[in-house]
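Here is the naming used below: chain letters follow the sequence lines, and residue numbers restart at 1 for every chain.
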There are 2 protein chains.
Amino acid sequence: MTIPDAPESGLAAAATPTAIAEWVADVLRDRIVKGEVPPGGRLVERKISAELNLSRTPVREALKLLHNDGLIEISRNKGAVVTRYDAAEALDLFEVIAALEGIAAGRVAQSIGTAELDELEELHGRMMAFHRTGRHAEYFDANSAIHDLIVERAGNPVIQGTHKRLIARARRGRYLAIMDPDRLAQAVEEHGLLMEALRARDAAAAESIWRQHLSHTGESVAALLGAEDGPAAAQA
Amino acid sequence: MTIPDAPESGLAAAATPTAIAEWVADVLRDRIVKGEVPPGGRLVERKISAELNLSRTPVREALKLLHNDGLIEISRNKGAVVTRYDAAEALDLFEVIAALEGIAAGRVAQSIGTAELDELEELHGRMMAFHRTGRHAEYFDANSAIHDLIVERAGNPVIQGTHKRLIARARRGRYLAIMDPDRLAQAVEEHGLLMEALRARDAAAAESIWRQHLSHTGESVAALLGAEDGPAAAQA
DNA sequence: CCGGGCAGAATGGCATCCCAAATTCAGGAA
DNA sequence: TTCCTGAATTTGGGATGCCATTCTGCCCGG
């Protein structure tokens, strides 16, 4: 099963106070996002601590972290259970994410300087290049980087924190986000529109465009989830 | 110092798995909100567990809860420290809260039935009555109830959960929310406008009105915080 | 009088043990 | 065969002890 890396290896252990718990949370989160632990699957404290050679304490803490990310439910005597992720959930999540990123885009348009705009232009250009050459993985990374940068540059820590939490949940559907060409083209166009709004410092337009962009993404993800949730809900 | 009520008293102890930790969190949250523990004040695990006659485990858990509510920062060897709450923080918080409640209001307007509308009308009427008779405490409660009901009725658990978390932080300034008469009148008017939009099932209007309403509230709170943050930051 | 360093205290993180509740499963009665 | 019962197992919550780190304050040298 190959544990990614021991928590004490390297020297990152002392970085944060609860570095170990966070490392455990990362490991488990990864398994959940990648579907190694399916929805409904159980995460038992004692099993995990044995596997990772740790005591239950940090594992327990990690499970709490995942719980408040909304990834698991913790029930007594049953272990933590991975929550479902279906079309309705995706729509609910992206409705909020759309609002958050929309605000962020508006704020960025309002206060952006030439340096920040250049940074975004550069990132946008790179993304477009990846798009044209069909490098989907790189396209996707650049895309995510743009979204994250906008949220960061909005300068509202509350938005950033909330966004991070929700994205962690929403990313669960990402591995199946092989969007259809139509949606991809639409997304690219929407990114272009945002850049225009940013260049024009048009906050209202930026907010509106970006919020719609995220709404569309949500609908797209929901459609994919709905499609494969319908026939077969259970899996190995 | 009078501990509100022992966690094992009554029988609510077995309600939730982590009932004790949540009770501890409530106690501490209350102290923070009421300012008994000022920003920068320290919350030491061992002190609290001694005071509450508990072991450190649930106290520790409670502190994590407060941490992800954004009320405290936890640092090694220094205890948990109450985070600051100033005008900028309030504006950041209410920017997001405004967006969330705005969406919620829009969704409610979209899908509201006569029964739900009646419930809101009744609550609104009661709030107006309290307003006219100058019963500020009851007015405030009814007001909060309306806000919560709208968020709940929007039917999006993500909105509800996110809102709850942020409100916990925003409420820190509430004890000083003795708003000036002008703002009060404006707030009342905005509530009236929302009811109109709901009656008309006008989602766009409801969203816009409610988002602005919350923005104004945020600005009002920020003004109060800014005013008293200036001269004297420290207190007993 | 002031600054550096050392010893003790303070403090959160981790490990470990015990407990209560719930789940599970075997065995027996109908 | 089916269903009920009860005992063993499973599992998370709580208590306690130890450890590493850091903070505090005192003492000594300059």
Side-chain angles (χ1 to χ4, degrees), chain A residues 3 5-28 32 37 40-69 71-83, chain B residues 3 5-28 32 37 40-69 71-83:
Chain A
I3 301 169
D5 203 358
E8 65 277 10
S9 77
L11 44 93
T16 324
T18 60
I20 299 183
E22 276 164 30
W23 175 79
V24 174
D26 286 344
V27 170
L28 298 178
I32 294 172
V37 185
R42 295 169 61 181
L43 294 169
V44 179
E45 288 182 6
R46 285 176 169 84
K47 297 262 182 65
I48 299 167
S49 28
E51 180 193 352
L52 266 43
N53 278 76
L54 290 166
S55 87
R56 283 176 53 210
T57 309
V59 173
R60 196 176 157 180
E61 213 167 298
L63 290 177
K64 306 279 182 187
L65 290 174
L66 295 178
H67 173 68
N68 87 36
D69 279 350
L71 290 173
I72 62 177
E73 278 305 320
I74 299 178
S75 1
R76 188 154 185 158
N77 307 323
K78 282 206 295 195
V81 173
V82 178
T83 56
Chain B
I3 301 169
D5 201 359
E8 64 279 11
S9 77
L11 43 94
T16 324
T18 59
I20 299 183
E22 277 164 29
W23 175 79
V24 175
D26 286 344
V27 171
L28 298 178
I32 294 172
V37 185
R42 296 169 59 179
L43 295 169
V44 178
E45 287 182 8
R46 284 175 169 86
K47 297 262 182 67
I48 298 166
S49 34
E51 180 192 353
L52 264 42
N53 277 77
L54 288 166
S55 85
R56 284 175 52 208
T57 309
V59 174
R60 192 184 154 106
E61 211 166 304
L63 290 177
K64 304 283 181 184
L65 290 174
L66 262 37
H67 173 66
N68 88 35
D69 279 351
L71 290 173
I72 62 176
E73 279 304 319
I74 301 178
S75 5
R76 191 158 187 156
N77 307 326
K78 283 207 294 194
V81 173
V82 178
T83 57

Colleague: Does the side chain of Asn68(B) reach to within under 4.5 Å of the side chain of Lys64(A), using non-hydrogen atoms?
Modeller: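 They are not in contact (no side-chain heavy atoms under 4.5 Å apart), so the answer is no.
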Colleague: So if I take every side-chain heavy atom of Ser55(A) and compare against dA15(C), dT16(D), dG12(D), which nucleotide ends up nearest?
Modeller: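 Out of dA15(C), dT16(D), dG12(D), the nucleotide with an atom closest to Ser55(A)'s side chain is dA15(C).
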Colleague: Taking N and O atoms by type only, does the side chain of Asn77(A) place a donor or acceptor under 3.5 Å from a partner on the base of dT23(C)?
Modeller: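 Looking at the base of dT23(C), it does not pair with any donor or acceptor on the side chain of Asn77(A) (distance under 3.5 Å).
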Colleague: For Ile72(B) and Val82(B), which heavy atoms make the closest approach, and how far apart are they?
Modeller: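 Result for this residue pair: CG2-CA, 4.1 Å.
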Colleague: To the nearest 0.5 Å, how far apart are CG in Leu66(A) and CG in Asp26(A)?
Modeller: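 One finds 9.0 Å between CG of Leu66(A) and CG of Asp26(A).
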Colleague: Rounding to a whole Å, what distance do you find between Arg60(A):CZ and dG14(D):C1'?
Modeller: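 These atoms are roughly 7 Å apart.
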Colleague: Go through dC14(C), dT11(D), dG13(D) for me and flag the one nearest to the Pro58(A) side chain.
Modeller: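 For the Pro58(A) side chain, the nearest candidate turns out to be dC14(C).
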Colleague: Less than 4.5 Å apart, side chain to side chain, heavy atoms only: is that true for Ile48(B) and Val27(B)?
Modeller: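 They are not in side-chain contact.
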Colleague: Measure the distance from CD on Glu45(B) to C1' on dA15(D) and round it to the nearest whole Å.
Modeller: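 Roughly 13 Å, once rounded to whole Å.
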Colleague: Across the strands shown, which category fits Leu63(B) at heavy-atom distances under 4.0 angstrom: base, sugar-phosphate, nothing?
Modeller: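 No contact at all - Leu63(B) keeps every heavy atom at 4.0 Å or more from the nucleic acid.
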Colleague: Glu22(A) CD to dG13(C) P: how many Å, rounded?
Modeller: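 Those two atoms, CD and P, are 10 Å apart.
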Colleague: Check the distance between dG12(D)'s C1' and Leu43(A)'s CG and give it to me in whole angstrom.
Modeller: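 Distance, rounded to whole Å: 13 Å.
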Colleague: Polar atom pairs between nucleotides 17-19 of chain C and protein, under 3.5 Å, N or O only, would you list them?
Modeller:
none

Colleague: If you round to the nearest 0.5 Å, how far is CD of Glu45(B) from OG1 of Thr57(B)?
Modeller: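 Atom-to-atom, Thr57(B):OG1 and Glu45(B):CD are 9.0 Å apart.
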Colleague: May I ask you to evaluate whether Arg42(B) reaches the phosphate of dT11(C), defined as a side-chain N or O under 4.0 Å from OP1 or OP2?
Modeller: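 For Arg42(B), the contact criterion (side-chain N or O under 4.0 Å from OP1 or OP2 of dT11(C)) is met.
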Colleague: To the nearest 0.5 angstrom, please state how far the OG1 atom of Thr18(A) sits from the NE2 atom of His67(B).
Modeller: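 With rounding to 0.5 Å, OG1 (Thr18(A)) is 7.5 Å from NE2 (His67(B)).
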Colleague: Taking 4.0 Å as the cut-off, does a side-chain nitrogen or oxygen of Lys64(A) come that near to OP1 or OP2 on dG13(D)?
Modeller: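 Answer yes for this pair, as a side-chain N or O of Lys64(A) is under 4.0 Å from OP1 or OP2.
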Colleague: Between dG12(C) atom P and Lys47(B) atom NZ, what is the distance in whole Å?
Modeller: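 My rounded result for the distance is 9 Å.
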Colleague: To the nearest angstrom, how far is Ile20(B) atom CD1 from dA21(C) atom P?
Modeller: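 Those two atoms, CD1 and P, are 12 Å apart.
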Colleague: Would you kindly give the CG-to-P distance between Asn53(A) and dT16(C), to the nearest whole Å?
Modeller: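 Computing the Asn53(A):CG to dT16(C):P distance gives 11 Å.
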Colleague: Atom NZ of Lys78(A) to atom C1' of dA20(C): distance rounded to whole Å?
Modeller: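 Rounded to whole Å, this separation is 17 Å.
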Colleague: Nearest 0.5 angstrom please: Leu52(A) CG to Leu28(A) CG, how far?
Modeller: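 CG of Leu28(A) is found 7.0 Å from CG of Leu52(A).
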